Each structure stands twice: as structure tokens, then as C-alpha cells.
Engineer: 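Take this structure, written in C-alpha cells, and hold onto it; I'll ask about it next.
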2 protein chains.
Amino acid sequence: MRDRTTLSDVAREAGVSLATASRAINGSADRSVRPELVARVRAAAEALHYSPDATAQAMARGRTTTLGLLVHDIADPYFSAIASAVVRTAEAEGLQVSLATTQNDPAREAALLDLVRRQRARAVVIAGGRSAGADAERDGADPASSALTDALTALARQGVGVAAIGQPVPGVASVAVDNAGGAAALADALLGRGYRRFALLDGPADRVTARDRRDAFEAAARAGGGDVVARERTPFTWEGGHEGLDRLADAGVLAEVDAVVATNDVMALGALAAARARDLSVPGDLALAGFGGISTLRDVVPGLTTVAVPMEELGVRAVRLALGDPATTRDVVEQVGCDVVLRDSTPPLD
Amino acid sequence: MRDRTTLSDVAREAGVSLATASRAINGSADRSVRPELVARVRAAAEALHYSPDATAQAMARGRTTTLGLLVHDIADPYFSAIASAVVRTAEAEGLQVSLATTQNDPAREAALLDLVRRQRARAVVIAGGRSAGADAERDGADPASSALTDALTALARQGVGVAAIGQPVPGVASVAVDNAGGAAALADALLGRGYRRFALLDGPADRVTARDRRDAFEAAARAGGGDVVARERTPFTWEGGHEGLDRLADAGVLAEVDAVVATNDVMALGALAAARARDLSVPGDLALAGFGGISTLRDVVPGLTTVAVPMEELGVRAVRLALGDPATTRDVVEQVGCDVVLRDSTPPLD
DNA sequence: TTGTAGGCGTTATCAC
DNA sequence: GTGATAACGCCTACAA
């Protein structure tokens, strides 16, 4: 029942050649079709319910209009905010977004990048979930190289526009979040409010984002006369944050701590829930801070101190980078700053 | 620099014909290539970094492996939860998801559906944002037909698997949320807790989902001896809910009301924020309920009473429907129930 | 089991 | 300006 009308049908119906029909419909650069004929072709197309086959066009033109988007988890508010911006920007550029979720699995990541390659996508944006596993194994021998890095640079070499969001990827255009700067600023801000002894809700050891935030926070805290006296390492999720706080509480270290700092917002929210479940008041019994600035935060009480990351901007810039001239964008790392937002979960201590 | 190695290159390198190379690599149904040759071809492909061109394959096979997903706004927790399920299910079926956001604009919706058609997508899932505008204009003359309905049925006729999420679309496989049932159940539950006089935070008039929830709630409330004594109509968003509560408060009607019921969760959250901003305590000064059951709710205090919609299930079933045999799925409407979840925002009154 | 050749729907390079 | 016609990269009867 499919009315597979092709351009040939339209051409015949309009009484012109295939070539003319093609030109009349897409009005390519060599605009040279008589208006009268254009009208006739358009009318024929209309009458026949013609719809150009994007697949065939892509093949004939030798390029697609697909932008691959790889995120860890589209249900995560951080990534969905980024995705939203990516989709809008890509659409404005006339590109379709092909969405895939890596589910934080390097193997899936590789498979999806291969898919991007097979799709002959024009560009790909990959956000989050960078793991330092491969690098770590090599013990720093060649930290600039990992499976992901290799796959991305390979793609770039084949003419696919590539951009990474979050952690910069060596040799690949990246829009990098200044996790270290933000974490240090957070430490300073908390120190400024009188906090000295911190507990850290850390993410997985191989998670670069968590590592950067943790290390920078610790360094800044110490430099400012404070200290990180406890740390729990759990998954980078709500449940992880919940679990982390439970462990801190069970270990009885909360009493020795001025504030609990989570390496991302959803962990902080999980910790907040865990605190509530234990009848611990925030900030009464413990102060709490997160990292990210996800929109969910507007609904929680007390207001959660965090480091706001401009997620929309990340998405927009990544698409622009991915679509830019590879010659000039390769190896570009656009740093985007993040701002400490102090709220009621970490009131001044004095 | 693109190493545009084609299957021909591989075939030549392996010393076999194009056909054999093709069979060896995709192992199609007519599996008939000698293992030895398969190995040789695979080795050649490997050596040449061959990557099959999905575009060409799609064209030769006459079908793509693309599933179009249209949502109102991917940053909305309701839709991102659905999208997450759709992506996972589609991937399990070997399909790529092409994501687009309608931004609640019927014109965009139409354009995106046309894009789906040009892409020759194998299936399309459309979630949310159904507007009754077109139907309303016709004054019920032919309520079963609207621009969206027409576009979707046209797609279906061309062999594209179609499924709608939320509101059923006439003639199209749909997985429908039982908004009326859920709203009625919510009304009953609130009546059961002693609430009688309600204020409604309603969505736009032409929004089918809002309308169904509102109407059913009102009917059930009245049937149970209660009443809806006030209603504010605002956008179906957080800001809309905020604004709605502000208006109720400014109008001074909150005193005459036992509970405020929002037609969706994000509106309820906005209302909650507005209440806080006015130093109104929930549930002390006003009881509040929402609709949807988005995951964000786990982080708000007090726990928000809502009607939980199984978002994951919606996504999974929609993909299954869209991929099912059109002959049997056409016009299928799978109702999915939703469950009232009573929480602290609407404590028993007596 | 393997190879030959035609075709998928467009675009683009040529002549005319 | 317009029209043949060769690609584009792959699949798949049909033959061998």
C-alpha cells in the first residue's frame, strides 16, 4: 500500500526529465530551472504526495544530516538538559539527532561510536561518563590515549565532526567543565562560611569528573586550613549518595564533620534523603553541598549549595564545535566556568 | 583523508566477488559462504578498517533501522523518563532513535513528522503534547480527525510503524494513560481523607491531558460530595503552577479550599515553590497534590501526593506497538493504569 | 558455494 | 535551460 512515489514519477507526471525534477525540487546551487517548469514539477510532486528519500539523497550527495549524541543516561537531569540544548542547536543547523545511551559502559560506548561511523554521521557529540580506566592501566605511560580517545580521533580523521562534553578528550574538540576550579571555589566558599572539616561523597575511582572535583576540593580545603576527614566512594548516582551518607553515619564520623560534600547533585540529593530517613536535619545536623546545578534543585528544601554548570551552554558549544572546521577546531578545548551557588544547606557557621 | 573503503575494496583484497564479501560480512539469511572465505573476507575488512555504510545498506534493503521519537521537551522529567525507555527498547531491537522535540508547537510537530517520512523511518513514537485545537475548531463535527491524526495515519499507510503515547490517536496504535481513571481515583482518595473543597491548577484549555484529568477529577469530586471551588488555567509547566498558586492566593480563595490539585507534577512543584515563597506551609496551610509520579518527587518535602504513571512501561509498550504487525496493532489502544500515591502533602484531615 | 548483474532513489557531470 | 547517464555503496535474485 506504500505509495512509493519516486522523483521519476514526479518527473514523468510533470513531463520533464529526472534531472530537471531534481533541480526544481531541491533548488540546488545551479538554480537554472524555468519558473514555469518549477511550478509544474512542484504541482506534480504535490499531487503525487511525493516525499524525497533522505536515504537516497544522503547517498547521492555523499553526506548525511545526522548528528550522533551519546549520553550516559537520558533520564538524568544533567544529561537531559544537555541533550535538550544539543537537539535544539542541531535542529537549527538542519541536522537530525540520533540519540544513544552509553549506560556508563565502555563496551557500549565503543559499539555506539562504531554505529555512528556506520551511519556516516556528520558529527557526534559525546557527553559524560569519561572513565580513566584505560589510562590508569597504562600507569600514565601514555595518558593521552585510551580506547575512547582512539575511537574519537579515528572518527575525526574520517571527517566526522567530533566534540566531547565534560572532560576534554586529547586531540578532540572539547568543551570542558572547569571541575577543578569549581570545586576549589566551593571549598573556599565553604571555608569562608566557617566550615573546616569535610566528608566527601566521592564517585567511582575511575570516574574522571569525580576525581577532578574530589582532588581539587581536597587540595583547596587543605590549602585554606581545612581538611577532608572522611570519604565514601559509591556509584555516581542518587542511590550512591544515599548509600554514602549511610556509611558515614554508620561509621559515626558525621559528628566530627562540619559539612558533607557530594561530587554531584544527584548524589547530594540521595544523601539528603538518607539524612532525612535518619532524622538528621540539614543543615541542623549536617551541612550539605552538591555539584552541577541541575534544575531539580529548585524543588528541594533546604536550598542545596552547589556549583552551577551551564548545561545549555555545554550543549550549544559542543554542537558548534562539532560542526566547525576540523582544521581549526581540532584540539580546541573550550573551558566553561561554573559558579558556586551558596544556599541554605550550608549556612554561615559563625 | 577519509578512508572510504568500500565493500568492493574488501572483496578485491580478499580475492572474492562483491557478492561473497557482502554475504560474508552481514551473514544474511542465505548463509552459504565457506568458513574459510568468511575468515578471509573478515580479515580483509579488518585490515582495511572497513565499515559498512548504513545508508547504502538501507537503500539497498529498502528499509532503514531508524525509529523517530517525538517528545515535547526532552528536559522535562516526564518525557525524559519515557525517552529513556524508548531508547533502551529500540536499541534492543537494533534500531537507532532519531530524537526531535516538538516544543509543543503543532507546526513543528507537522514538520517533524514530515521529516520522519523523508527519513523513511521504520517506526515513530510520539509522546505527549496532544492539543485538541484542531478538533475544537470543527466543533466536534469530526473529532476523530485532526492534522496530527491525519499525518500519523498517513505515515502508517506508508508502512511506518506508528504509536502514540498518552492520549490515544484515532486509527493509530496508542498506549493511553488512564488520566480519567487516575484523576477520579485521586479525587476519591482525597475525599476519603476528608477533603471536600478543591482548587484546580489546570493546564491550557486545548491540552487534552489536562482536560481529561480536570474533568474526571471534578466529576468524581462532585459525585463524592466534594466540589471544585476554584480553578486557574496556566501553562502546563513549573512556572505555570507557580503562577496558578499565586493567583489563587491573590484571589484569597485558598482559605476556602481544602486542597490544591495540579494537573501535573511539575505544576505541583511550581505551586509548592510559590507556597513556600509566601510562607504558606504545605500541608499546614494548604494541601497539595500532583499527577505523574516523576522521579524528582523523591527529593521534595513534604512527600507529594500524586498519581503515578508508569513512564517506563509507556515507552516500552509504545515501541513494541510501533514495531508490531500493523494489521493487528492498528487502532489498538493499550490502556495503562496509574496509581494514586498518597503522601504527606495531603494528610488525613480528621 | 560463488559470481554476474540489475536495481534502490538521488545527485551531479556532462553534453546538447 | 534541459536532458541523458554515470556514479553513490550495497543487496540479491538469478545463473553458473
Side-chain angles (χ1 to χ4, degrees), chain A residues 2-42 44-45 48-66 117-122 158-159, chain B residues 2-42 44-45 48-66 117-122 158-159:
Chain A
R2 307 185 165 214
D3 62 63
R4 286 235 152 286
T5 59
T6 77
L7 194 52
S8 304
D9 300 324
V10 174
R12 191 181 323 118
E13 172 83 5
V16 300
S17 77
L18 181 58
T20 300
S22 174
R23 295 189 267 247
I25 284 200
N26 73 33
S28 74
D30 78 342
R31 38 94 172 279
S32 55
V33 184
R34 222 184 330 165
E36 172 194 334
L37 278 193
V38 173
R40 227 162 69 200
V41 172
R42 294 248 166 92
L48 294 160
H49 298 301
Y50 170 71
S51 170
D53 185 325
T55 300
Q57 292 182 312
M59 187 152 154
R61 298 204 245 249
R63 64 200 152 74
T64 66
T65 57
T66 300
R117 184 174 172 216
R118 295 210 299 274
Q119 287 183 146
R120 301 291 188 267
R122 174 134 158 233
Q158 287 164 40
Chain B
R2 308 183 163 214
D3 62 70
R4 288 235 152 287
T5 63
T6 77
L7 193 53
S8 304
D9 300 324
V10 174
R12 191 180 322 117
E13 172 83 5
V16 300
S17 77
L18 220 191
T20 300
S22 173
R23 295 189 265 247
I25 285 199
N26 73 31
S28 72
D30 77 342
R31 38 93 172 279
S32 54
V33 184
R34 219 185 330 163
E36 171 194 333
L37 278 192
V38 173
R40 227 163 69 201
V41 173
R42 294 248 166 91
L48 294 159
H49 299 301
Y50 170 71
S51 170
D53 185 326
T55 300
Q57 290 182 312
M59 189 155 151
R61 299 204 245 249
R63 63 198 152 75
T64 66
T65 58
T66 299
R117 185 175 169 213
R118 295 210 299 274
Q119 286 183 147
R120 301 292 188 266
R122 174 134 158 233
Q158 286 164 40

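Numbered from 1 within each chain, the chains take letters A, B, ... in sequence-line order. All values below come from the heavy atoms of this structure, side chains included, with hydrogens, waters and symmetry mates left out. It should be emphasised that the depicted structure is a prediction, and the values quoted were computed from it without experimental measurement.
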Engineer: Can you list the residues that meet the side-chain hydrogen bond (donor to acceptor under 3.5 Å, both in side chains) rule with R118(A), with sequence neighbours excluded?
Structural biologist: D114(A)
Engineer: Just jot down the side chain to side chain contact (heavy atoms under 4.5 Å, CB included) partners of R61(A), sequence neighbours excluded, or say none.
Structural biologist: N26(A), Q57(A), R63(A)
Engineer: Calculate, to the nearest 0.5 Å, the distance between atoms CZ and CD1 belonging to R42(A) and I25(A) respectively.
Structural biologist: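 Here the rounded value is 7.5 Å.
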Engineer: Would you say a side-chain N or O of R23(B) is under 4.0 Å from OP1 or OP2 of dT1(C)?
Structural biologist: no
Engineer: Could you pull out the protein-nucleic contacts involving nucleotides 7-10 of chain C (nitrogen or oxygen on both sides, under 3.5 Å)?
Structural biologist:
from	atom 1	to	atom 2	distance (Å)
dT10(C)	OP1	Y50(A)	OH	2.5
dT10(C)	OP1	D53(A)	N	3.2
dT10(C)	OP2	L7(A)	N	2.5
dT10(C)	O5'	Y50(A)	OH	3.2

Engineer: Please tabulate, for side-chain N and O atoms in residues 8-19 of chain B, each donor-acceptor pair with protein atoms closer than 3.5 Å (sequence neighbours left out).
Structural biologist:
from	atom 1	to	atom 2	distance (Å)
D9(B)	OD1	R12(B)	NH2	3.4
D9(B)	OD2	T6(B)	N	2.7
S17(B)	OG	A19(B)	N	3.3
S17(B)	OG	T20(B)	N	3.2
S17(B)	OG	T20(B)	OG1	3.2

Engineer: Kindly write out the residues that satisfy side-chain hydrogen bond (donor to acceptor under 3.5 Å, both in side chains) with T64(B), not counting sequence neighbours, or none if the list is empty.
Structural biologist: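 Checked T64(B) against side-chain hydrogen bond (donor to acceptor under 3.5 Å, both in side chains); zero matches.
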Engineer: Applying salt bridge (Lys or Arg N to Asp or Glu O under 4.0 Å), name anything that partners R120(A), two or more places apart in sequence or on another chain.
Structural biologist: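 Testing R120(A) for salt bridge (Lys or Arg N to Asp or Glu O under 4.0 Å), a comparison that skips the adjacent residues, returns D53(B).
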Engineer: Taking only residues two or more places apart in sequence or in another chain, which ones pass side chain to side chain contact (heavy atoms under 4.5 Å, CB included) with R34(B)?
Structural biologist: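 In terms of side chain to side chain contact (heavy atoms under 4.5 Å, CB included), with neighbours along the sequence ignored, R34(B) is linked to E36(B), L37(B).
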Engineer: If we fit an axis to the first five pairs and another to the last five of the helix from dT1(C)-dA16(D) to dC16(C)-dG1(D), what angle do they make, to the nearest 10°?
Structural biologist: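 Axis angle across the helix from dT1(C)-dA16(D) to dC16(C)-dG1(D), nearest 10°: 40°.
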Engineer: Rounded off to whole Å, could you give me the CD1-to-P distance for the I25(B) and dT12(D) pair?
Structural biologist: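 Atom-to-atom, I25(B) to dT12(D), this comes out as 14 Å.
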Engineer: Rounded to the nearest angstrom, tell me the gap between atom CZ in R12(B) and atom C1' in dT4(C).
Structural biologist: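 Interatomic distance, CZ of R12(B) to C1' of dT4(C): 17 Å.
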Engineer: Looking at dG3(D), I'd like to know if its phosphate oxygens (OP1 or OP2) sit under 4.0 Å from a side-chain N or O belonging to T20(A).
Structural biologist: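 So the side-chain polar atoms of T20(A) do come within 4.0 Å of the phosphate oxygens OP1 or OP2 of dG3(D), strictly under.
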Engineer: Which atoms form the tightest heavy-atom contact between A58(B) and T55(A), and what is the distance?
Structural biologist: CB-CG2, 4.0 Å
